[in-house]
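Take a look at the structure below.
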Amino acid sequence: MANSFFISVPETFDFKHCLSYLARSPREVLHVCNGNEVTKLVRGKDRNILFRVTNTKRRLQVSVLNTSLTKDIKAAVESYVREWFDLDTDLEPFYALASRDRHLKVLVKEYYGYRIVGQPDLFESLVWAVIGQQINLAFAYTLKQRLVEKFGEQITIDGTTYYLFPEPRALADVNPDDLLTLQFSRQKARYIVGLAKSFASGEISREKLEAMPPDERMGALLAIKGIGTWTANYVMMRTFRHRTALPLGDAGLNAALRRALKLDRKPTAEEVLRVFRRYRGWEAYATLYFWKSL
DNA sequence: CGCCAGGTTAGAG
DNA sequence: CTCTAACATGGC
């Protein structure tokens with residue numbers, strides 16, 4: 001196909017595990033999974049780009065669906081896909097460590113090639129994490145769907161509608177009370193509008209945080225109203241690809257460790273930290289595989 | 001019905 | 001510093 005190109009992938013990459021993560025909720029509206037492929041709309045420099053990724057032997061096939069494949073568009077989409085599917089991380093050291101660990105051994109075997117599916121857009125990442133605070137994941141997806149359908153751009157091609165996550169500008173002037181009708185709590189509505197204002201004004205941006213050393217970046221995230229240690233670590237993991245990010249206190253991580261450690265209650269923070277001492281340098285990937293075990 | 005969900009904040013002790 | 005109520009609602 002003239003509009004497609006290929007990206008070779010590491011041996012320690014398995015598209016199907018990443019795809020099953022992307023397909024985990026029927027209410028996901030920011031990409032469309034279908035069999036062995038996923039289709040997504042992203043913002044390009046001059047226009048929005050719709051592309052589809054599918055798996056072939058040792059390569060990903062990427063097709064651009066709504067425009068011709070110029071050099072610039074190819075470069076942009078390739079870079080997005082590499083980032084999205086975490087193709088540039090060398091997982092060998094983690095697998096060497098994990099294969100000697102009684103908890104992770106079986107998980108890295110079963111989900112070999114699974115990687116941290118990224119969330120390159122910092123605003124989206126923060127809002128999504130705030131939405132997910134203290135509610136079950138099914139409800140979090142419902143809230144995100146309502147937010148995206150109400151405030152995000154969309155295009156319809158061949159009968160399927162594709163959405164972009166709302167831009168900060170689209171949410172900055174919203175009255176937080178208007179989000180209550182979408183069933184956001186007052187507190188979350190305020191956090192989200194506050195985030196939108198900070199991004200719209202340029203006070204916070206991915207570029208600014210990217211330029212900071214990791215400690216300072218964490219501090220900048222924690223200074224935002226609504227961002228606590230869990231959210232900051234979640235975003236460090238999915239957006240900034242910090243291998244040592246550890247969302248301590250996470251309900252899913254607690255549930256997975258409760259099972260792995262055969263406890264009759266959720267583990268304490270100290271117990272989680274004790275287990276994670278063995279994964280030093282790879283905390284984010286250990287977390288990822290524990291989540292996958294649920 | 002009760003309790004926990006991919007927690008955080010402000011305020012009290 | 002640690003502890004707690006409040007937040008809003010879905011799912012088991």
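Any value given below was found using the heavy atoms of this structure, including those in side chains, with hydrogens, waters and symmetry copies removed.
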Could you tell me the separation between the CZ atom of A:R27 and the P atom of C:dG10, rounded to a whole number of Å?
-> 10 Å
Are the side chain of A:T142 and the backbone N or O of A:A138 linked by a donor-acceptor pair below 3.5 Å?
-> yes
NZ or CZ of A:K292 within 45° of A:Y114 ring axis and under 6.0 Å | yes
To the nearest Å, how far apart are A:L137 CG and C:dC12 P?
-> 13 Å
Taking CD from A:Q145 and C1' from C:dG10, how many angstroms apart are they, rounded to a whole number?
-> 15 Å
Find which nucleotide of DNA chain B each of A:Y191 and A:Y234 is nearest to by heavy atoms, and output the residue with the more 5' nucleotide.
-> A:Y234
Quick one: A:Q134 CD to C:dA6 P, roughly how many Å, whole number?
-> 14 Å
Using a cut-off of 4.0 Å on non-hydrogen atoms, how would the nucleic acid contact of A:Q183 be classed: base, sugar-phosphate, or nothing?
-> sugar-phosphate
Check each residue of residues 221-230 of chain A for a non-hydrogen atom within less than 4.0 Å of any atom in DNA chain B, then write out the ones that pass by number, or none.
-> A:I224, A:K225, A:G226, A:I227, A:G228, A:T229, A:W230
In whole angstrom, give the distance that lies between atom CG of A:L143 and atom P of B:dG7.
-> 14 Å
Rounded to whole Å, CG of A:L294 lies from P of B:dC4 at a distance of 17 Å
Would you indicate what A:T142 reaches in the nucleic acid, counting non-hydrogen atoms under 4.0 angstrom: base, sugar-phosphate, or nothing?
-> nothing
Exceeds 12 heavy-atom contacts within 6.0 angstrom, atom CG of A:N175 = yes
Residue pair A:A255/A:T231 against DNA chain B: nearer the 5' end by closest nucleotide is A:A255
Give a yes/no on whether any side-chain N or O of A:Q133 is located under 4.0 angstrom from OP1 or OP2 of B:dT9.
-> no
In terms of heavy-atom contacts, does CZ of A:R280 have more than 12 from other residues, nucleotides or ligands at under 6.0 Å?
-> no
A:Y234 and A:D250: side-chain donor and acceptor closer than 3.5 Å?
-> no
Return the value, rounded to whole Å, for the distance between atom NZ of A:K188 and atom C1' of C:dA6.
-> 13 Å
Flag this pair as yes if the NZ/CZ of A:R217 is under 6.0 angstrom from the six-membered ring centre of A:F240 and inside a 45 degree cone about the axis; otherwise no.
-> yes
